[in-house]
Amino acid sequence: MMTVVHEAHESKQKQAKTMTTVHEAHEIIATTTPLIEATVSVPLLQLQGRVLAEDVRAGFAMPRFTNAAMDGFAVRFGEIADASDGAPVTLPVSQELAAGALNVAPLETGTCCRIMTGAPIPEGADTVVPFEETSGFGSDAVEFYKAPKKGANIRHAGEEMQPGALLAAAGTRITPAEIGLFATFGIAVALVRRQPRVSIITVGDELRMPGEQIEPLAIYNSNLALLASCVEGAGAKVVGMRQLRDNRQAIREALALAIAESDVVITTGGISTGEFDFMYDALNELGVEQKFWKVAQKPGKPVYFGTTGSGKIVFSLPGNPVSALVCFLEYGLSALARMQGVAPAPKFTALLNEPFPTDRKRHRFLFGRLSVEAEALRCQLSAQVESYMLTALSGANCLVEAPPSAEPLPAGSLVTCAWLPWANAC
Ligand SMILES: Nc1nc2c(c(=O)[nH]1)N[C@H]1C(S)=C(S)[C@@H](COP(=O)(O)OP(=O)(O)OC[C@H]3O[C@@H](n4cnc5c(N)ncnc54)[C@H](O)[C@@H]3O)O[C@H]1N2
Ligand code: MOO
């Protein structure tokens with residue numbers, strides 16, 4: 001029995017020697033992650049963060065009808081064109097219209113219409129005079145002291161948008177902007193992609209859930225909560241969260257269940273080469289096809305990615321919380337974006353405030369804080385750099401990276417950054 005375990009261990013160690021590059025890992029994810037074709041109709045107020053499955057177009061012109069832009073009087077311009085303080089023009093009020101008026105008579109010649117902002121302009125009127133430039137709303141005969149420009153203070157039907165104009169294209173991730181636009185056009189439901197269903201499994205005898213009693217040599221499980229909120233923030237749905245002990249059978253059973261009930265399975269812990277690291281074997285036993293295992297990066301080297309025959313994907317992330325998060329941000333996020341038909345968020349460069357400690361052989365990731373100083377985007381690295389130091393996140397708003405190099409990147413050089421998905425731009 002011992003021999004079998006040791007042989008398996010040796011073969012895992014051999015496997016572990018060949019490392020995928022970060023670039024290759026991205027290529028593999030881009031080419032193997034399936035798009036979720038299924039669509040679902042979702043009500044307006046639940047659309048935030050969802051991805052449109054079809055173009056949404058204006059069903060009518062905007063404004064829908066010609067209406068007043070000011071509270072005042074709708075007139076025929078020609079009838080008040082000569083009005084001045086010295087020689088006011090007086091017109092009787094023949095009609096009053098507020099926003100919401102549904103029956104509007106044409107404006108009788110030689111009269112004006114008391115009108116409120118948003119009310120339809122009666123046929124025959126071509127100009128609205130704000131009440132401040134008249135004797136006001138108090139009487140039924142209005143004195144006009146001044147003529148605005150002909151056509152002033154009128155919002156014309158269709159001047160903003162024509163029927164059929166594109167409001168949001170398929171593939172747009174819905175924000176309050178789209179929700180506001182859809183509401184403007186009376187759209188109460190939109191067709192969006194079904195959310196990727198994600199199960200998260202964390203493994204480790206040492207882990208206790210926040211809120212639980214904790215023994216002196218145990219630690220709290222940060223990955224489960226952290227990844228669940230990251231997944232939800234990425235527009236996906238967490239359908240399962242499990243914390244397991246380091247037990248072969250329990251891990252295999254939980255993985256099988258998670259694969260059955262989700263599109264994506266994310267695990268943390270037990271993926272390295274330790275004696276109690278059962279994740280890799282469990283994935284093999286369940287027939288998950290390894291696409292990569294071990295990436296030349298720091299932190300996060302033991303990261304695993306695989307696919308199942310039924311089109312599911314599995315990320316097995318290292319247990320160290322910074323490693324798990326870096327791998328999720330780097331690979332998990334782009335896979336979830338691709339599944340929803342959205343391009344992964346672009347990276348950009350910023351100026352380093354201090355030297356970046358590159359690794360000779362591995363692509364290095366660190367958290368940092370971007371800010372705008374002297375009109376340039378500058379990056380301050382988090383002081384905590386080890387993969388167990390999740391406090392590196394406090395105050396951070398970006399993930400910073402540099403390819404392998406024997407020399408640190410000097411202060412002042414350009415470094416590649418990605419916003420943390422929850423960060424507000426500086
Ligand atoms: N001989 C070697 N040892 C290790 C190697 C190696 O190449 N050779 N790689 C190291 C690297 S790099 C990492 S990262 C870790 C990853 O190991 P595992 O994925 O098997 O993770 P664990 O051993 O289960 O845990 C590592 C560490 O993280 C803590 N942890 C785990 N899960 C959680 C959680 N949900 N919340 C908070 N903290 C968690 C755990 O207690 C350990 O301290 O392996 C190195 N070793
Ligand atoms: O590379 Mo590990 O992922 O040190 O923490």
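One-based numbering, in listed order, for ligands and for the atoms of each. Numbering starts at 1 and runs along the sequence shown.
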Salt bridge (Lys or Arg N to Asp or Glu O under 4.0 Å), that's the test. Do R194 and E37 meet it? Break it down for me. CA-CA 8 Å; R194 175 172 74 64; E37 305 274 1; over 6 Å; no

Looking only at heavy atoms, is any part of S272 under 4.0 Å from ligand 1, and if so is it the side chain, the backbone, or both, or is it neither? both

What is the nearest protein non-hydrogen atom to atom 4 (O) of ligand 2, stated with its residue, atom name and distance? S387 OG, 3.5 Å

What about K298: any of its N or O atoms under 3.5 Å from an N or O on ligand 2? no

Just wondering, do R57 and P163 contact through their side chains at under 4.5 Å, heavy atoms? no

Pull out every atom of ligand 1 sitting under 4.0 Å from any heavy atom of S323, numbered as shown with elements. 14 (S)

Going by heavy atoms, is S387 under 4.0 Å from ligand 1? no

Give me the residue, atom name and distance of the protein heavy atom closest to atom 3 (O) of ligand 2. G300 N, 2.4 Å

Nearest heavy-atom pair of L244 and A254: which atoms, and what distance? CD1-CB, 3.4 Å

Taking only Lys NZ, Arg NE, NH1 and NH2, and the carboxylate oxygens of Asp or Glu, determine whether E215 and R208 approach each other closer than 4.0 Å. yes

Would you mind telling me if ligand 2 is within reach of the side chain of E386, the backbone, both or neither, using heavy atoms under 4.0 Å? neither

Per-atom contacts, ligand 1 versus K301 - under 4.0 Å to a heavy atom: 7 (O)

What are the atoms of ligand 2, with element, lying closer than 4.0 Å to any heavy atom of S323? 2 (Mo), 3 (O), 5 (O)

If the cut-off is 4.0 Å to any non-hydrogen atom of D277, which atoms of ligand 1 fall inside it? 20 (O)

Looking only at heavy atoms, which two atoms of T358 and R364 are closest? And how far apart? CA-CB, 4.5 Å

Determine, stepwise, if the pair K347 / E401 fulfils salt bridge (Lys or Arg N to Asp or Glu O under 4.0 Å). CA-CA 10 Å; K347 293 179 177 176; E401 63 184 275; 2.7 Å; yes

Check whether the ring centres of F305 and W293 lie less than 6.0 Å apart, and answer yes or no. no

What is the closest protein heavy atom to atom 19 (O) of ligand 1, and at what distance does it sit? G319 N, 3.0 Å

Give the atom numbers and elements of ligand 2 that come within less than 4.0 Å of a heavy atom of R362. 1 (O)

Should P321 be listed as contacting ligand 1, given a heavy-atom distance under 4.0 Å as the test? yes

Could you check whether R378 pairs with E354 (Lys NZ or Arg NE/NH1/NH2 to Asp/Glu carboxylate O, under 4.0 Å)? no

Do NZ/NE/NH1/NH2 and the carboxylate oxygens of R242 and E261 come within less than 4.0 Å? yes

With a 4.0 Å cut-off on heavy atoms, is P302 touching ligand 2? yes

So, regarding Q297 and ligand 2 (criterion: nitrogen or oxygen to nitrogen or oxygen, under 3.5 Å), is there a contact or not? no

Correct closest heavy-atom pair for V203 and I201 would be CG2-CG2, 4.0 Å

State whether the shortest distance between N or O atoms of L224 and N or O atoms of ligand 1 falls below 3.5 angstrom. no

How far is atom 40 (C) of ligand 1 from the closest protein heavy atom, and which atom is that? E206 OE2, 3.1 Å

Residue, atom name and distance, where the atom is the protein heavy atom closest to atom 11 (C) of ligand 1: P302 CG, 4.0 Å

Given side chain to side chain donor-acceptor pair (under 3.5 Å), test E373 with S371 step by step and report yes or no. CA-CA 6 Å; E373 285 162 39; S371 55; 3.0 Å; yes

Taking the basic N atoms (NZ, or NE/NH1/NH2) and the acidic carboxylate oxygens, is any pair closer than 4.0 Å for R252 and E285? yes

Take atom CG of L45 as the centre, draw a 6.0 Å sphere, and report whether it contains more than 12 heavy atoms from other residues, nucleotides or ligands. no

Nearest non-hydrogen protein atom, atom 38 (N) of ligand 1: I219 CD1, 3.5 Å

Taking the basic N atoms (NZ, or NE/NH1/NH2) and the acidic carboxylate oxygens, is any pair closer than 4.0 Å for D71 and R114? no

Does the protein place a non-hydrogen atom closer than 4.0 angstrom to atom 21 (O) of ligand 1? yes

Starting from atom 35 (N) of ligand 1, which protein heavy atom do you reach first, and at what distance in Å? N221 OD1, 2.9 Å

Just which atoms of ligand 2 are under 4.0 Å from any heavy atom in P299? 1 (O), 3 (O), 5 (O)

Tell me the protein heavy atom at minimum distance from atom 36 (N) of ligand 1, and give that distance in Å. S222 N, 3.0 Å

Proximity to ligand 1 by part of Y388, non-hydrogen separation under 4.0 Å: neither

Under the side chain to side chain contact (heavy atoms under 4.5 Å, CB included) rule, what do F278 and N247 come out as? Steps first, then yes or no, please. CA-CA 7 Å; F278 302 130; N247 174 291; 5.7 Å; no

Would F60 and F185 count as a close aromatic pair, with their ring centres under 6.0 Å? yes

With respect to atom 34 (C) of ligand 1, which of D246, N223, L227, I271 exhibits the smallest heavy-atom separation? N223

Between K294 and ligand 1, does any nitrogen or oxygen pair lie at a separation below 3.5 Å? no

Sub-4.0 Å atoms of ligand 1 with respect to non-hydrogen atoms of Y220: 36 (N), 37 (C)

In terms of heavy-atom contacts, F77 and P148 come closest through CE1-O, 3.1 Å

Any idea which protein heavy atom is nearest atom 1 (N) of ligand 1, and the distance to it? T273 OG1, 4.7 Å

Between R245 and D205, is the closest basic N to carboxylate O distance under 4.0 Å? yes

Could you tell me whether ligand 1 has any atom less than 4.0 Å away from a heavy atom of G270? yes

Should you measure from each heavy atom of P318, which atoms of ligand 1 turn up under 4.0 Å away? 14 (S), 16 (C), 19 (O)

Starting from atom 27 (C) of ligand 1, what is the nearest protein heavy atom, named by residue and atom, and what distance separates them? N320 OD1, 3.1 Å

